[in-house]
Amino acid sequence: MLEKMRSLKNFFLYECLFSLTFWNSVSLSVENELFTSASHNFPEAGSDNKIKSLPLMYTNSHKSKASFDWVVIQNTTESLSLSEIKNEDVEKLIALLSNFKKGSRLQNLTLANISVDWKDFTEILQTAWHSSIEYLNINNMTQLSDIEKYDFSYSDTSMKALTMKKILITDLYFSQDDLYRIFSDMNIAALTVAESEMIHMLCPSFDSPFKYLNFLKNDLTDLLFQRCEKLIHLEKFILQRNKFESLSKVSFMTSHMKSLKYLDMSKNLLHHDGAEGRCEWANSLAELDLSSNQLTESVFECLPVNIQILDLQNNQIASVPRGIAELKSLKELNLASNRLTDLPGCSGFPALAALNIEMNSILTPSADFFQSCQRVGELQAGHNPFKCSCELRDFIRLEKQSGGKLSGWPGAYVCRYPEDLQGTQLKDFHLSELSCNTTLLLVTALLLTLVLVAVVAFLCVYFDALWYARMMWQWTQMKRRAWHSYPQEQENMLQFHAFISYSERDSLWVKNELIPNLEKGEGCVQLCQHERNFIPGKSIVENIIDCIEKSYKSVFVLSPNFVQSEWCHYELYFAHHKLFSENSNSLILILLEPIPPYVIPARYHKLKALMAKRTYLEWPKERSKHALFWANLRAAININLPVTDRKECGQSD
């Protein structure tokens, strides 16, 4: 009697559920038509399309618990979404799904927040497999009990696509074959297992009908599908955000996938060493995404020969080697966010129609690109540090001639160098023919030189400049004779071990690091600093010359701030003059921060020459190397000052 009552109760619940389904189908008829039309489309590459689009909640959807323990998120004639399913709900869920036989209108089933045993899960999956359900979406599932072998029946199914996301396996010890074999042998078109820390997947036991596989954000490695010859129908394969490392092993993985057209290997750890040998890709592969990896220019030795769309953005590619890659079918190439310093040529890409080289390190694009890449119809080259010079005129002329060939023009094309043109858009940058034509410039310069010589000659005669020149020569000779006659007197003029020249922006480092470490302790050094040793009343230039002459050495703290200081330039000039006039080794260069050659103004030619010919001390960022730095600096300054003029360290004039 109790069993009959229980059966009547279940029958009543099912009748209520189907009644609710009927009324929901009326209110959502328009929505269902759109949803049904989308359900027949195959998911596009790079997205789950239909699989992802299974809605978990609509504005008119009904949430209800009825007498079930799960939550009904959506319930229409074609779609059913259930949440919060526990072990105790499995029997009722299987009984419910058993009513949707083949031919029923229910096509889309979503199960969210599931926490069931392995055996119960496989029974749910088996029941859905033999129902009318075509698209099954499982989100956020926790597998509780031991995983063991299950004889799954794949026959007589309407299933087309299975999506599983955020699957947590609590069982630590189980056979991988028991877990992965059920999924690898599925006879469906699309399978997604994403965000589930999956470490492996078995090769199918037979020629698989899979056309779409998505293993996004797992822990898969180079061992996946090696020597697997069963995925002969696979067209789109997504392996984004896994742990693949060897590009050559990835190529061999695809070599047996005869129908593969799209492969997404972005955001992995891929690299390629030329020593790894040749690569072997599927001949059918037309679109390959290798973005956000660790690839260098050697990647061009390992690319599919028939590739049409190639994404290599956000890697470590510094150049495109010529004569290595022959990609005659390549139409779109993305090299954004790499380390390119020039535009690549198209000798190996005769069919290239679209090129993206944004956010690289291109200063002046060469004219060779425009000669070899005449078929390129769209070029994205913005957001590069352009150096506005004569060499850039051909690149600017391309935009005027092509009429819209440069994507992002003019906002993304801005001068970075030189400093006086920084921020200027390339469309507003103009140079005269005189400044870029060498022959015309030489002729003009010669004429101006002749005029200048004539003017100078006239002024020399008019202002008696020859007399002043003779006086200067006599003063110089007198200084030379005095030096040779009284060398000991000149030596007694030394009062400091070293004069420090630095930019005010680097004063914190000088005061907190340099001065305390040299002027304190045993073997201290007496330093001359402008803030405490310049004599009030004297001009700055006189103080600079006086301090340099009274110091045995001149220490220059070099940084990008240094080359921007006018007074640092004066100090360097007079110290350089002393270097040659006294034939001494009195200059010490400390490189506080790296100075790119292109940021040094032209007037600092002496600094460029010194940095090219003299050894300098580089301030180490690692604290463990500071002691060696100070020891080397003390050794470079080492000299005994005369006893009569020696002062205690740290004492100013």
Side-chain angles (χ1 to χ4, degrees), residues 491 493-534 544 546-563 565 567-580 582-595 600 604 606-643 645-653:
E491 184 177 343
M493 292 179 60
L494 297 176
Q495 298 180 12
F496 304 96
H497 288 93
F499 168 68
I500 312 173
S501 176
Y502 60 94
S503 169
E504 282 298 320
R505 296 182 180 179
D506 299 327
S507 60
L508 288 177
W509 182 85
V510 173
K511 295 175 182 178
N512 297 335
E513 296 284 349
L514 181 66
I515 294 177
N517 278 283
L518 293 182
E519 290 192 344
K520 294 180 182 179
E522 205 170 325
C524 61
V525 176
Q526 180 67 33
L527 299 175
C528 180
Q529 183 190 12
H530 69 272
E531 293 183 359
R532 65 187 185 190
N533 297 112
F534 275 16
I544 291 173
D546 191 41
C547 282
I548 291 175
E549 290 183 349
K550 289 181 179 180
S551 301
Y552 176 65
K553 299 277 188 178
S554 294
V555 178
F556 291 88
V557 181
L558 304 179
S559 71
N561 299 322
F562 183 92
V563 299
S565 172
W567 291 115
C568 289
H569 187 205
Y570 284 123
E571 292 167 356
L572 181 65
Y573 178 83
F574 292 125
H576 194 261
H577 182 269
K578 179 182 178 181
L579 174 69
F580 282 94
E582 299 180 2
N583 194 24
S584 63
N585 188 21
S586 60
L587 290 184
I588 299 175
L589 305 179
I590 297 177
L591 188 61
L592 184 60
E593 297 178 14
I595 307 177
I600 302 178
Y604 274 79
K606 293 184 178 63
L607 177 60
K608 292 182 179 180
L610 287 172
M611 292 185 70
K613 296 179 181 179
R614 299 178 67 87
T615 303
Y616 53 82
L617 295 173
E618 187 172 359
W619 172 247
K621 300 302 181 183
E622 299 86 357
R623 185 171 296 275
S624 60
K625 298 180 181 178
H626 288 182
L628 180 60
F629 172 84
W630 297 123
N632 290 335
L633 183 57
R634 284 176 180 274
I637 300 177
N638 185 28
I639 185 178
N640 292 325
L641 292 176
V643 177
D645 294 329
R646 190 180 303 168
K647 299 178 182 179
E648 295 181 0
C649 293
Q651 182 180 352
S652 61
D653 281 350

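Computed from heavy atoms alone, side chains included, the values below leave out hydrogens, waters and symmetry copies.
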task: Taking side-chain hydrogen bond (donor to acceptor under 3.5 Å, both in side chains) as the test, write out the residues that go with E513, two or more places apart.
output: none

- prompt: Can you find a pair of side-chain heavy atoms, one from S507 and one from Y502, that are under 4.5 Å apart?
  reply: yes

statement: Shortest non-hydrogen pair, I515 vs R532, comes out as CG2-NH1, 4.4 Å

- request: List the steps, then state whether side chain to side chain contact (heavy atoms under 4.5 Å, CB included) holds for I590 with F556.
  value: CA-CA 6 Å; I590 297 177; F556 291 88; over 6 Å; no

K625: partners by side-chain hydrogen bond (donor to acceptor under 3.5 Å, both in side chains), with sequence neighbours left out: none

- prompt: Between S551 and C528, what is the shortest heavy-atom contact and its length?
  reply: OG-CB, 3.8 Å

field: Heavy-atom side-chain contact between W619 and L591 under 4.5 Å
entry: no

task: Could you grab the distance from atom CG of L592 to atom CG of L514, nearest 0.5 Å is fine?
output: 9.5 Å

- prompt: Atom CZ of F534 and atom SG of C547: how far apart are they, to the nearest 0.5 Å?
  reply: 5.0 Å

message: Tell me every residue that passes side-chain hydrogen bond (donor to acceptor under 3.5 Å, both in side chains) with D506, counting only those two or more places apart in sequence or in another chain.
response: S559, N561

- prompt: Hey, what do you get for CG (L587) to OG (S501), rounding to the nearest 0.5 Å?
  reply: 10.5 Å

message: Just so I know, are the side chains of V555 and L589 near enough to count as touching, which here means a heavy-atom distance under 4.5 Å?
response: no

- line: Closest non-hydrogen contact found for I588 with K553 is CD1-CD, 4.0 Å

Check: V525 main-chain N/O paired with R634 side-chain donor or acceptor under 3.5 Å: no

field: Close side-chain approach of L527 to F499, heavy-atom, < 4.5 Å
entry: no

- prompt: Hey, are Y552 and Q495 close enough side-chain-wise for a donor-acceptor pair under 3.5 Å?
  reply: no

message: Counting C-beta onward and ignoring hydrogens, is there a side-chain heavy-atom pair between H530 and E504 closer than 4.5 Å?
response: yes

- prompt: With no hydrogens and no angle check, is any side-chain donor or acceptor of H497 less than 3.5 Å from a backbone partner on Q526?
  reply: yes

